[in-house]
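For reference, the structure discussed in these notes is given below.
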Amino acid sequence: MSKMRFFALQELANRKPLEVTPPSGRLSDYYGSHVFDHKKMQEYLPREAYKAVTDAIDKGTPISREVADLIANGMKSWAKSLGVTHYTHWFQPLTDGTAEKHDGFIELSAEGDVIERFSGKLLVQQEPDASSFPNGGIRNTFEARGYTAWDVSSPAFVVDDTLCIPTIFISYTGEALDYKTPLLKALAAVDRAATDVCQLFDKNVTRVFANLGWEQEYFLVDLALYNARPDLCLTGRTLMGHSSAKDQQLEDHYFGSIPPRVTAFMKELEIECHKLGIPVKTRHNEVAPNQFELAPIFENVNLANDHNQLVMDMMKRIARKHNFVVLLHEKPYQGVNGSGKHNNWSLCTDTGVNLFAPGKNPKGNMLFLTFLVNVLMMVYKNQDLLRASIVSAGNSHRLGANEAPPAILSIFLGKQLSTILDEITRQVTDTKMTAEEKTTLKLGIGRIPEILLDTTDRNRTSPFAFTGNRFEFRAAGSSANCAAAMIATNAAMANQLNEFKVQVDRLMEEEGCGKDEAIFRVLKETIIASEPIRFEGDGYSEQWKEEAARRGLTNICHVPEALMHYVDNQSKAVLIGEHIFNETELNSRLEVELEKYTMKVQIESRVLGDLAINHIVPTAVIYQNRLLENLRGLRETFTPEEYDILSADRKELIREISHRVTAIKKLVREMIEARKVANHLPCYKERAFAYEESVRPFLSEIRDHIDHLEMEIDDEIWPLPKYRELLFTK
Ligand code: ADP
Ligand code: MG
């Protein structure tokens with residue numbers, strides 16, 4: 001066995017779970033202890049400063065420099081009580097993950113004494129040297145100025161010795177360079193549009209909030225095994241590896257008992273989350289071996305997303321302490337379920353009504369129905385934008401595989417709700433409603449609450465499923481920033497609701513319809529128009545692909561092609577029309593996504609080429625020589641007739657190994673050529689397409705030969721930890 005693999009397995013045998021002791025006291029005593037929340041603000045801020053912050057959060061009123069100084073000072077005092085010495089603006093550039101630049105509170109006074117200072121100016125805005133963050137050509141690197149600006153709506157928090165201030169990140173010329181800026185804009189857009197629509201029903205509604213509850217799936221792998229797999233280290237996924245004799249067929253891992261080392265990790269992660277006010281609640285095993293899930297209670301989208309970013313970061317750090325590495329990649333192991341991040345999404349009014357929950361009376365149900373039907377139309381019209389928001393090099397391995405929603409968008413509503421919608425559309429489309437129709441309407445909608453009590457009606461294969469009081473956008477990938485999906489969803493919803501409102505107003509003004517009737521007529525038309533997006537069957541099946549094509553739904557597995565829909569007419573109408581992005585920002589976002597894709601495939605291709613030539617081929621040759629040696633021995637020992645019989649299988653094996661080694665070498669050479677051609681293309685779009693079409697196919701072709709060799713070659717000399725070791729060691 002190679003030394004790497006041998007030592008890794010040996011190290012593993014000696015692992016023990018770490019002891020994790022929760023802070024003293026009850027959960028409620030330490031929950032949020034590291035967050036500058038309302039309670040701490042009241043304690044550490046003068047009354048006027050506290051009021052200024054709450055006004056800024058609730059109404060968006062600006063904070064003056066003097067007040068900012070007061071806030072900064074209060075924040076610093078609180079942070080110092082936790083032993084904090086540094087502060088940072090914490091932001092979400094378009095790479096994966098978050099960025100921060102730590103500065104000490106330390107400063108020198110005019111007299112040369114050391115003082116600790118944190119001013120309002122430093123709190124509100126900073127200028128990180130940001131030339132190395134992707135910006136899709138917005139800023140030339142020589143003019144590498146970007147600004148971070150305080151996001152008052154997400155509270156500051158403390159990690160280790162650092163006070164972290166959530167910020168947006170924009171260029172010198174004002175364009176967004178991050179995920180948070182457009183997310184805040186999309187949330188504001190859906191707030192405005194949904195409030196307008198709610199006002200048709202209830203004048204008391206003045207704001208609508210979008211909520212997000214994410215479910216983070218991930219794999220754990222032992223640190224020593226991980227270090228012995230260069231492909232995992234460099235690309236986050238295994239580029240080779242024959243499936244284990246046992247994988248998930250038995251599904252005995254799902255809801256099974258969690259191994260002690262993992263429990264210790266989860267326990268520590270939960271404690272740290274709770275200190276940061278992240279309401280994590282559920283933890284369990286997932287379908288695949290060594291796969292797990294973590295989910296919090298839902299929060300408003302902006303905060304929930306900050307929390308998800310923080311959690312992904314903490315997972316990585318805490319896992320290390322427990323000698324694990326957390327794999328957030330969507331598909332670390334071929335042939336084993338991948339990881340997603342379901343985005344549970346709902347809209348809720350400031351009067352406390354969840355707009356995706358059926359009401360208690362016909363009027364409430366009309367409101368519910370209005371939002372439900374607009375979601376149908378939103379997804380129908382924006383299939384391509386929604387897909388663009390979740391595709392990536394990693395997620396493309398998962399989508400369409402028999403474990404995750406296909407690359408076709410559809411909505412699952414459940415039987416009862418579908419029946420109600422169908423009943424509504426069966427009523428005659430006339431200008432005036434008959435008395436009978438009005439009764440049917442009332443009855444039909446009035447029935448919803450009782451019927452919906454059956455929440456077992458679930459469909460796990462649907463990419464966009466209604467789950468009783470929310471929609472679950474299931475196509476998002478485990479490593480993604482949820483903001484991408486949430487920007488698309490909320491912006492598209494805003495756009496759809498605005499359109500709906502225009503149609504209703506028109507009927508009222510131009511045709512003199514009453515309000516209820518106008519709403520009902522538009523709803524009915526919308527239900528009919530959006531019908532193709534509704535699908536209750538098995539989203540994994542081949543029949544669905546054919547059926548979807550007949551319905552005219554799009555199905556795009558090609559990553560760059562799917563991304564290009566960010567700039568199609570409908571997406572522009574939504575993203576530019578609702579002022580989420582300007583033209584430059586949208587184009588730059590597309591450029592960043594395409595380049596990210598190109599880079600990831602490029603790295604995978606290089607790593608696989610190196611491993612194939614430096615690890616696999618030499619190992620195959622060593623084994624081949626052993627077989628040749630064996631043949632020579634046989635020939636010396638036996639008569640020619642006996643030798644022919646006894647050596648046949650080994651000769652065959654030698655032939656097979658030779659063929660595979662030759663094929664691998666040839667394919668690697670061709671892959672390098674294909675990369676060269678792609679790299680020389682002048683435009684980032686062409687490069688991404690070339691990587692998808694002419695580089696990527698080599699990865700699976702080469703892998704196929706390697707995986708066969710893994711089965712043929714003596715286990716003792718195989719250099720890399722195998723799937724059974726990666727997946728089944730605890
Ligand atoms: P599942 O059965 O899909 O595993 P869970 O009960 O684990 O569902 O919940 C998944 C996520 O959905 C949790 O984060 C939960 O807080 C969230 N959720 C529940 N209700 C809503 C809602 N109205 N809006 C948004 N998210 C919600
Ligand atoms: Mg779920």
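For ligands, and for the atoms within them, numbers begin at 1 and follow the listed sequence. The structure displayed is predicted, hence computed values, not measured ones.
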_Closest to atom 5 (P) of ligand 1 (judged by heavy-atom distance), picking from His342, Arg470, Glu299, Arg474_ = Arg470
*So is Glu472 in contact with ligand 1, going by heavy-atom distances below 4.0 Å?*
yes
*Residue Asn354 vicinity, atoms of ligand 1 by number, heavy atom under 4.0 Å*: 23 (N)
*asked:* Can you tell me which residue among Thr98, Asn481, Asp178 is in a side-chain hydrogen bond (donor to acceptor under 3.5 Å, both in side chains) with Gln92?
replied: Asn481
*Applying a 4.0 Å heavy-atom criterion (strictly less than), which segment of Glu215 is in contact with ligand 1: side chain, backbone, both, or neither?*
side chain
*Which of these, Glu330, Arg398, Gln216, Gln291, sits in a side-chain hydrogen bond (donor to acceptor under 3.5 Å, both in side chains) with Ser339?*
Gln291
*Can you find an N/O atom of Leu212 closer than 3.5 Å to an N/O atom of ligand 1?*
no
*N or O pair under 3.5 Å between Ser346 and ligand 1*: yes
*Give a yes or no answer on whether the side chain of Asp196 reaches the backbone of Ala193 with a donor-acceptor pair at less than 3.5 Å.*
no
*Considering only heavy atoms from C-beta outward, does the side chain of Ile424 approach that of Leu369 to under 4.5 Å?*
yes
*Can you check whether Trp345 has an N/O within less than 3.5 Å of an N/O in ligand 1?*
no
*Of all the atoms in ligand 1, which lie at a distance below 4.0 Å from a heavy atom belonging to Gly213?*
14 (O), 26 (N)
_Trp345: which of Phe371, Phe473, Phe356 passes ring pair (Phe, Tyr, Trp, His ring centres under 6.0 Å)_ = Phe356
*Short N or O distance, Ile297 and ligand 1, threshold 3.5 Å exclusive*: no
